[in-house]
Each structure stands twice: as structure tokens, then as C-alpha cells.
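Inspection log for the structure reproduced underneath, given as C-alpha cells.
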2 protein chains.
Amino acid sequence: MKTIAVLLFPGVTVLDAIGPYQALAQLPDHGVRFVGERAGPVGDSHGLQLVADCSIHDIDAADVLLVPGGLAAITMSRTGHELIDWIGAVHRTTSITSSVCTGALMLGKAGILHGLPATTHWYCHAELADHGATPTDERVVDTGHVITAAGVSAGIDMALHIVERVAGERFASGVQLDMEYDPQPPRASGHPRCADPAITAWVRGLYDDALNDDAPAET
Amino acid sequence: MKTIAVLLFPGVTVLDAIGPYQALAQLPDHGVRFVGERAGPVGDSHGLQLVADCSIHDIDAADVLLVPGGLAAITMSRTGHELIDWIGAVHRTTSITSSVCTGALMLGKAGILHGLPATTHWYCHAELADHGATPTDERVVDTGHVITAAGVSAGIDMALHIVERVAGERFASGVQLDMEYDPQPPRASGHPRCADPAITAWVRGLYDDALNDDAPAET
């Protein structure tokens, strides 16, 4: 059995992890491990608890690594974190190291994106360059060893791409049918290129405020 | 605070719950409760454990009820189950009772869909009629009090619709932008109307086999 390691951390955007998991868990001959700083419940950004079945001290290799995002991922990528050291170490063992949303910034801080094209949530796109990556406005960027997806729901598109790479077109088509992934977004508001600029400015401001709340108080 | 109750049960298709949760959890003045037969960890269809923060004995009313699906939901809808009795009781208190995927069959067994148009995962569409519903080939069917979504990923489209109903178009557009829900499915394989018929037959056979494995051994 090959291992798919899905990282969890407090404040994770849970759909970043679960969208891809729903597809990746169906890969034949692969098993999924949810990995936390410690084994046990990990709270997402809105209070749901998911159970990490092992800790970063229990697992030092994986075939596929998936790093989800969230505001906490931005913060960790700016300050450094034990989880980022773990990502860098496990990356040396993987066939595919992947991120969803701001998980890309954790890959970046781990030194994994240097010299590569990459994507992340639209809010943080420019910040990829701080890690030596080339911000690329695509929903999924596959460089071979490293695959990055744009924000949150883009992880579903990425995972179907990974399933196709690993198990072929027929299998991936079956997984997509199982998930009835025939999306019909109610509006054209999923990216700043199509959203009302006033909505984009409003959401950007919410993120700015949330990150400032996390920052140490200035003295 | 209004309550959004998300039902969990062993074998749940986790994306049915988490796709909508990622949008619904952002509704102002609403809090999400994850409700299990008992409080504590509940395993999904592939081994992930989510924590139900309360049991069906702790909560008898909700403003929004969300019932996810899975093969286990099909089985419970055929045999009856304590959770279905609970759904029927809570439905009498809700503004919106909603289902994703085969969760619709649990609503059906609870008597909630009688006389209504409804949808579910493509595999079970015809079975809606057993509960007095009119199977309707739309991704989201909103009858006012009751809203049903098609399979798995359709819950995301449904949740954005619910967010718009509850909090308005501007707010829903912001949530969609937050989730970067600008889907780019890798293939046209998300519904039998577009999938290769051989793929559809293969996936249908997998479901048939899985349900037969769940059936009591014939004597």
C-alpha cells in the first residue's frame, strides 16, 4: 500500500483537505493518513474537529503529500513552523507533493517552490514570489513532483488530475462520475477576474483584518 | 444564533457534508452543530473520523438541517433507522431542510418528499419515486422548505444557493469568491448524460456490488 498523507493543523480550511480526499481516497493500492502536529482532534477554521490518526513524529515518508491551506497557513509560512520543517523532509520521499490554496505558501517556506511556477488562493498570489516561485494564474499547476492548486475548491480539480496521473483516464472519469462533479456555480463570482470588484475588495479586506488580528500587538 | 444541524453517520460520504459546511459556516448569526447518533468520532466511507459535537438526543430543532448521503444512507432509507425518525421530527422545526446525494432518500423515508420534486445522486434517481417524490434531473431542487441536491459535489452549488436565500446575493458572491469556486473539471464525466456509457455502467456495477455486500446473507 502506498501512502497519501494529508496534513491537518488548527484553523485549516477543511474543504481544502476534504475535496481532494474524496477523490484521492478512491485510488487503488493507496491508503490515506491524516497527519497532525499531534494525533487526535484538530479544529478547522469554523469549529469542526477532524481526527488526525497520526502525528508528524509517526510518519516521515509518503507517496503523495497534500498540504491544505487557511489563514493559519499564511501565518505559519511567514513565521516558520515545525510543520513546515516536516513538509520539507517528507517532500524528499514523495512522488507528488501537492498543495491547495494557501498551503502553497507552506511549500514555499519549506523551499519546495523555488524556481517553479505555482498557484495559490487569489488573495496570496503575489506572495508566492517571496519564496522564489513564479505566480501562475492557473487553477492547477503541475510541475511533475510538485502540484499546486488555487483556492479551496480548486483542490477538487487538482485531485482528479492526480487520480488521472496515478491511475489513468478511465479510473479518473469514474471517480468524477462517482462525485457527480458536474458543477453549476450559481454565479460568476469564483475569481477576481469575474467577480464584482466591490465584492473582491470587501473579501480582501476581511482577510486583511483577520490576519492583522492574528499579528502580535504593536508596541 | 440560529442553528445549522449537519447530520453525521458511519459511512457518510464526507464531501456531502463538508462541501456545504464550508459555505454555510460563514452565514452570519448562525452556528453549525455536527450531530451524530452519539456525540464523538464518526467514521466516513474511507476511514476519516469527524467529531459529532452532539447527539440526536441533545438537539430536537434547527433552522437549517443538512442531511448528507452515502451508501449507508441508501441502506438506512430502505430499512428505516432512528436517524430518519430524528430527521422527521427536526424537519417540523426548520426553515430549510436540505439533503445532498442519497441523503434525499433519508428525507424520503422520513416522509418529507411526498408530493415534491426532488433530486439525488444519479444512481438512485428513480428510487425517489418510492417515497412519493417526483425525480427531477436538476442539480439543485428548491421547493421552499425542502431543498435537495444531486450527488456529492452538488452540495457546494446547493449551499451557495442557501447562503444567497438566507443572506442575499452580495454575501453569497463573497462566499463563492472566498472558496474560489470557479470550477474547471478536467473532463466531461460528472453525469451519465455526458460520461462514457461504459464508465457509467462500471461505476453503477460497483455500487450494486457494494450494496449487495451490505445486504443480509441470503439463506
Side-chain angles (χ1 to χ4, degrees), chain A residues 13-15 17-19 21-22 25-26 31-32 34 41 45-51 53 101 121-122 139-140 150-154 156-157 160-161 164 169-170 172-174 176-196 198-200 202-203 206-207, chain B residues 13-15 17-19 21-22 25-26 31-32 34 41 45-51 53 101 121-122 139-140 150-154 156-157 160-161 164 169-170 172-174 176-196 198-200 202-203 206-207:
Chain A
T13 300
V14 64
L15 186 56
I18 296 302
Y21 163 74
Q22 191 69 57
Q26 302 190 47
V32 179
F34 284 89
S45 55
H46 288 90
L48 168 64
Q49 305 264 320
L50 294 92
V51 179
D53 56 81
C101 198
H121 193 280
W122 57 265
R139 194 151 168 91
V140 177
V152 193
S153 59
I156 297 172
D157 298 315
L160 288 168
H161 172 78
E164 181 164 337
E169 175 184 328
R170 179 175 184 272
S173 296
Q176 187 177 342
L177 185 59
D178 168 72
M179 294 168 65
E180 204 161 333
Y181 188 48
D182 176 35
Q184 296 175 19
R187 317 195 151 273
S189 185
H191 191 276
R193 96 173 67 80
C194 54
D196 179 336
I199 302 281
T200 303
W202 169 54
V203 174
L206 293 175
Y207 296 146
Chain B
T13 299
V14 64
L15 185 56
I18 297 303
Y21 163 74
Q22 191 70 58
Q26 302 189 47
V32 179
F34 284 90
S45 55
H46 288 90
L48 168 64
Q49 305 264 321
L50 294 92
V51 179
D53 57 80
C101 198
H121 193 281
W122 57 265
R139 195 152 167 90
V140 177
V152 193
S153 60
I156 298 172
D157 298 315
L160 288 168
H161 171 78
E164 181 164 338
E169 175 184 328
R170 178 174 185 271
S173 296
Q176 187 177 343
L177 185 59
D178 168 72
M179 293 169 66
E180 203 162 333
Y181 188 48
D182 176 35
Q184 296 175 19
R187 314 194 153 273
S189 185
H191 191 276
R193 96 174 66 82
C194 55
D196 179 337
I199 301 281
T200 302
W202 168 54
V203 174
L206 293 175
Y207 296 146

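Below, read A as the first sequence line, B as the second, and so on, with proteins coming before strands; counting in each chain starts at 1.
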Heavy-atom pairs under 4.5 Å with chain B are the metric here; pick the option from [options] that has the most.
options: A:Ser173, A:Ala154, A:Pro186; result: A:Ser173
options: A:Leu50, A:Val203, A:Thr13, A:Leu15; result: A:Leu15
options: A:His191, A:Gln49, A:His46, A:Gln26; result: A:His46
options: A:Pro41, A:Cys101, A:Gly151; result: A:Gly151

Residue part contacting chain B, namely of [X], when any heavy atom lies under 4.5 Å:
X: A:Val14; value: both
X: A:Tyr181; value: both
X: A:Ala195; value: side chain
X: A:Gln22; value: side chain
X: A:Asp53; value: neither
X: A:Leu206; value: neither

Is the terminal nitrogen or CZ of B:Arg193 (NZ for Lys, CZ for Arg) located under 6.0 angstrom from the six-membered ring centre of B:Trp122 and within 45° of that ring's axis? no

Which is it for A:Leu48 and B:Val32 under the side chain to side chain contact (heavy atoms under 4.5 Å, CB included) test, yes or no, and what are the steps along the way? CA-CA 9 Å; A:Leu48 168 64; B:Val32 179; over 6 Å; no

Flag the one option from B:His121, B:Arg139, B:Glu169 with the top tally of heavy-atom pairs under 4.5 Å to chain A. B:Arg139

Taking every non-hydrogen pair under 4.5 Å, which of B:Trp202, B:Tyr207, B:Phe34 racks up the most with chain A? B:Trp202

Can a donor-acceptor pair be found, under 3.5 Å and without considering hydrogens, that links the side chain of B:Ser153 to the backbone of A:Glu180? yes

Option from A:His161, A:Gln176, A:Glu164 for which side-chain hydrogen bond (donor to acceptor under 3.5 Å, both in side chains) with B:Arg187 holds: A:Glu164

Taking side chain as C-beta onward, heavy atoms only, is A:Ser189 less than 4.5 Å from A:Cys194? no

Please determine whether side chain to side chain contact (heavy atoms under 4.5 Å, CB included) holds for the pair B:Thr200 and A:Leu177, giving the CA-CA distance in whole Å, both sets of side-chain angles, and the decisive distance to 0.1 Å. CA-CA 7 Å; B:Thr200 302; A:Leu177 185 59; 3.5 Å; yes

Evaluate the criterion side chain to side chain contact (heavy atoms under 4.5 Å, CB included) for residue pair B:Ile156 and B:Met179; output intermediate values, then yes/no. CA-CA 10 Å; B:Ile156 298 172; B:Met179 293 169 66; 4.0 Å; yes

